[in-house]
**Student:** 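One structure, as structure tokens, below. Some questions next.
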Amino acid sequence: MNTLEIKETEKQKSETLVSGSVAVIEALLAENVTTIFGYPGGAIMPIYDALFDYKKQLNHILVRHEQGATHAAQGFARVSGATGVVFATSGPGATNLVTGLADAMIDSTPLVCITGQVFAHLLGTDAFQETDIVNITSPVTKWNYQITDASEIPSVLAKAFYIAKSGRPGPVLIDITKNAQLQLFDYEGYQKCDFIRSYKPQPDIRISYVEQAAELINQAKKPFVIFGQGVILGNAEKEFLQFIEKAGIPSAWTIMGMSAIPTNHPLAVGMLGMHGNYAPNLFTNECDVLIAIGMRFDDRVTGRLDKYAKQAKIIHLDIDPAEIDKNVLVNVPVWGNCKETLPLLTERVEQKSHQEWITKFHQAIAIETEKLIEPELFPEEGEITMGEVIQLINELTNGEAVMVTDVGQHQMITCRYSHQNKTRSNITSGGLGTMGFALPAAIGAKYGAPERTVIAVMGDGGAQMNIQELGTIMQFKPNVKILILNNSFLGMVRQWQELFHEKRYSFTDIQSPDFVQVAKGYGIKGNKVALREELKSALQEMIDFPESFLLEVAVRMEDNVFPMVPQGKGVSEIVLCKEDI
Amino acid sequence: MKKEFTLTIYTENHVGLINKIAIMFSRRKISLESFNTSPSEVPNIYRFTIVVVEAEAVVKNLVKQIEKIVDVFKVYCNTNDEIVWQQMALYKVPTEVIIKEVKVERLLREYGAKAVVIRNDYTVFEATGQGEEINKLLKKLDKFGLIEFVRSSRIAIINASEGIHKKVVEMELKNPALQTINNEFLDKKDQVFQM
Ligand SMILES: Cc1ncc(C[n+]2csc(CCOP(=O)(O)OP(=O)(O)O)c2C)c(N)n1
Ligand SMILES: [Mg+2]
């Protein structure tokens with residue numbers, strides 16, 4: 001290089017000086033981020049200042065509480081498959097993220113959360129709004145990192161996005177000290193990350209295990225597929241259907257796997273777990289080969305482990321090697337992304353129909369239908385049931401809506417009875433069971449799938465837990481349908497008190513505000529129904545209204561969710577009614 | 001049945017990793033018998049040696065979870081017959097006792113201890129060995145006015161290991177050889193069944 005050239009590059013260099021904050025925004029744009037859920041504060045002000053110039057490219061939704069931001073980002077990620085992005089300030093802003101991070105961690109949801117932090121020279125001095133958020137969030141993030149120098153921003157954010165989305169997804173938190181946000185540095189552009197030497201997002205597939213699995217499946221007389229969110233996270237819905245349709249295997253979902261196949265598919269036999277359907281729980285302990293796909297044998301699914309599928313040979317397809325043998329010892333571990341392993345398996349399995357075996361499921365389904373489902377969905381008298389509300393929504397939306405549920409009885413009822421034709425239609429807090437999830441998650445879901453009807457189904461308890469997010473709806477106007485199934489109780493806890501604590505209703509009778517009035521205060525239209533005759537038209541009005549709408553439905557106060565696998569019991573000890581416990 | 005396991009963990013050299021590894025144990029209420037961390041033979045790669053007493057099934061699951069930490073390269077888990085291990089101990093004894101008591105000198109020789117500091121008032125001996133030997137010497141020296149004692153955590157070499165160098169080189173390739181990237185235990189499915 002001659003001196004002239006050197007001068008020239010030096011000039012270019014000085015022209016490429018940018019602030020850490022601008023580098024953050026540039027990183028988001030390079031990662032095709034469109035939407036950010038966040039809340040500003042002192043330690044993240046430089047990033048917000050930079051954001052001001054990018055209002056056109058980046059849609060920032062100002063939530064009303066940072067927990068709301070995490071759940072909104074989760075809802076966004078779960079309906080769209082993209083990574084949800086959150087901004088929060090240091091200290092209380094950052095600690096408010098913890099619940100959402102834990103939820104995203106246990107439900108494998110890709111998030112990148114960016115928190116501001118005090119100036120690097122103040123770290124460890126108990127500075128104003130300093131919290132050690134990296135250590136606080138270590139157990140609830142897939143990865144986290146603190147940046148104290150702006151030059152790290154592009155590469156660390158690239159890593160963050162790569163880690164959040166690759167392999168088994170999860171939340172990542174990047175804490176950026178204020179000096180790094182303000183610092184000008186030589187910006188050499190953003191380079192996406194697709195490799196980290198110490199990180200193997202997915203293990204290589206072993207064909208020998210695929211072959212062993214196929215052999216077991218081909219010999220099976222009573223094969224049974226149970227699947228989880230892994231099918232959705234792997235975008236493997238098509239591959240999954242091809243597999244079960246060729247092998248003719250009845251299939252049941254975990255709550256997180258719901259909607260990966262249409263709920264009315266001929267091979268669909270319902271939901272697993274404590275409040276799942278009768279047939280799949282019962283036949284888990286009768287099948288001869290159990291094929292678990294992208295699920296993690298959560299205790300709410302397995303019930304008592306020493307009574308779980310003891311008679312069956314177990315095949316487990318999972319992307320996360322740490323899930324193999326974690327709770328249930330398996331015979332054949334087919335590790336890898338099921339998008340890749342399923343076609344390999346499909347190639348090797350014989351075309352079958354297992355008609356007799358499937359008939360057994362249908363007989364059990366008929367028992368449940370007669371004893372439980374019919375009376376729940378089509379009651380002729382008495383107050384409204386939660387089930388009939390969901391049944392009417394099925395009719396009115398043709399199973400096309402995104403159902404976002406909170407946590408409790410209404411969640412179980414919605415997941416039991418909702419018809420869902422499309423994948424990514426069931427958004428719920430599965431592993432953590434976070435009350436207060438639904439309203440913010442529904443807001444996020446609407447941004448992630450603007451063309452779809454998004455319905456937040458909440459209990460009267462959970463509706464009060466992140467109710468402040470009505471303010472977000474007021475300001476940004478995502479068209480979210482807010483449905484509160486009000487039983488005047490913390491219903492699920494009350495159910496357990498009734499069944500297992502001699503009906504000692506200790507602090508489960510919760511009072512609610514007039515939800516319609518509250519919504520009105522936020523400029524959101526609402527309505528309240530308690531009569532069966534008015535229910536359908538009220539739901540119709542809610543769905544058709546061109547903006548957000550809150551509908552409160554007074555439902556039976558002391559209904560229980562059945563069937564139930566009582567805690568400590570095996571899955572085949574599932575009971576259909578209270579008297580059988 | 002609980003047994004002693006030595007975990008060898010290779011990691012990137014990042015601030016905060018100790019916490020990320022430590023919480024894996026504390027979350028499961030597993031106490032650490034011994035915890036050592038130091039740079040490995042490969043620049044910028046750290047080696048942790050951790051000893052726990054736990055059931056095999058618990059440890060194997062734990063190993064897989066630790067291996068999932070983004071900045072962790074590899075975790076090995078060994079029983080005592082698969083490793084060579086040592087601890088070091090320092091003993092501070094009054095110098096006059098050593099001069100007077102012939103027995104002490106013999107004792108120290110017997111345990112292969114050597115003096116690292118000799119002063120008028122005290123002498124510091126160093127001994128290496130496995131926990132038991134160190135304890136025995138401790139007990140004996142206690143009778144001779146032992147002033148202070150400290151013991152290091154365990155360090156261990158895995159008999160069957162080829163070290164991490166080759167592995168790291170392979171991991172740095174985007175398409176490493178098959179056997180390098182999969183979890184050890186998954187590869188040994190038969191052995192997993194023995195748990
Ligand atoms: C944040 C949080 N706190 C407490 C609980 C425990 N819990 C689970 S379900 C439930 C009751 C929920 O009541 P409500 O929202 O009215 O729904 P319902 O069961 O009545 O349909 C409670 C308190 C929880 N899951 N999450
Ligand atoms: Mg309630």
Side-chain angles (χ1 to χ4, degrees), chain A residues 105 123 132-148 156 159-160 162-164 166-168 170 172-173 175 193-209 212 314 316 318-327 329-336, chain B residues 9-24 26-28 44-46 57-58 60-75 164 167-195:
Chain A
M105 184 70 177
L123 287 170
D132 182 0
I133 199 63
V134 169
N135 276 315
I136 288 174
T137 59
S138 277
V140 292
T141 49
K142 185 172 172 188
W143 188 61
N144 64 15
Y145 190 82
Q146 184 176 65
I147 295 175
T148 51
V156 169
K159 259 178 96 171
Y162 173 56
I163 292 168
S166 57
R168 179 177 180 173
V172 172
L173 180 136
D175 194 35
C193 172
D194 65 354
F195 179 74
I196 296 168
R197 65 175 187 171
S198 60
Y199 168 65
K200 299 296 160 219
Q202 60 190 66
D204 282 349
I205 297 161
R206 288 298 167 87
I207 286 294
S208 61
Y209 286 138
Q212 285 174 36
I314 301 177
H316 191 180
D318 207 283
I319 198 167
D320 179 0
E323 287 303 335
I324 308 277
D325 290 336
K326 188 182 79 178
N327 297 332
L329 290 185
V330 307
N331 298 79
V332 184
V334 183
W335 63 74
Chain B
I9 305 171
Y10 289 100
T11 72
E12 291 286 6
N13 174 18
H14 282 173
V15 176
L17 251 181
I18 290 187
N19 181 45
K20 284 182 184 157
I21 290 172
I23 59 178
M24 288 288 166
S26 54
R27 169 177 181 190
R28 295 168 175 81
N44 293 320
I45 291 187
Y46 266 64
V58 174
K60 286 193 170 171
N61 268 321
L62 187 63
V63 164
K64 291 190 224 166
Q65 296 294 344
I66 296 173
E67 214 157 63
K68 251 167 76 169
I69 299 173
V70 168
D71 297 311
V72 168
F73 279 92
K74 195 84 201 103
V75 185
I164 192 72
K167 274 225 150 85
V168 170
V169 171
E170 284 174 34
M171 282 171 159
E172 281 174 348
L173 303 172
K174 284 205 178 182
N175 293 307
L178 269 186
Q179 63 272 22
T180 51
I181 79 161
N182 282 313
N183 186 291
E184 302 286 274
F185 298 110
L186 287 175
D187 268 349
K188 294 177 190 146
K189 192 60 196 158
D190 298 342
Q191 277 147 282
V192 175
F193 267 121
Q194 290 167 6
M195 334 197 292

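Computed from a predicted structure; not experimentally measured. Residue numbers begin at 1 in each chain, while the letters A, B, ... track the order of the sequences. These numbers come from the heavy atoms of this one structure, side chains and all, not from hydrogens, waters or symmetry mates.
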**Student:** Residue by residue, which of residues 136-144 of chain A have a heavy atom closer than 4.5 Å to a heavy atom belonging to chain B?
**Tutor:**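 A:Ser138, A:Pro139, A:Lys142, A:Trp143, A:Asn144 fall under the 4.5 Å cut-off.
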**Student:** Taking everything shown except B:Arg28 itself, do over 12 heavy atoms lie less than 6.0 Å from its CZ?
**Tutor:**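 Yes.
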**Student:** Hey, is B:Glu12 close enough to A:Arg197 for a salt bridge, meaning N to O under 4.0 Å?
**Tutor:**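 A salt bridge is present here (some side-chain N lies under 4.0 Å from a carboxylate O).
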**Student:** How about B:Lys60 and A:Asp325: do any of their side-chain heavy atoms sit closer than 4.5 Å?
**Tutor:**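 Contact flag for B:Lys60/A:Asp325 side chains = no.
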**Student:** Is there side-chain contact between B:Lys68 and A:Arg168, with at least one heavy-atom pair below 4.5 Å?
**Tutor:**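 The answer is yes, as the side chains (C-beta and beyond) meet within the 4.5 Å cut-off.
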**Student:** Output yes when a side-chain donor or acceptor of B:Lys64 lies under 3.5 Å from a complementary backbone atom of A:Ile324, and no otherwise.
**Tutor:**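 Confirmed, B:Lys64 side chain pairs with A:Ile324 backbone.
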**Student:** Does any heavy atom of chain A fall under 4.5 Å from the side chain of B:Val70, the backbone, both, or neither of them?
**Tutor:**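 Both backbone and side chain.
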**Student:** So, taking the atom named CG in B:Asn19 and the one named CG in A:Asp132, what distance separates them when rounded to the nearest 0.5 Å?
**Tutor:**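 Separation between the atoms: 8.0 Å.
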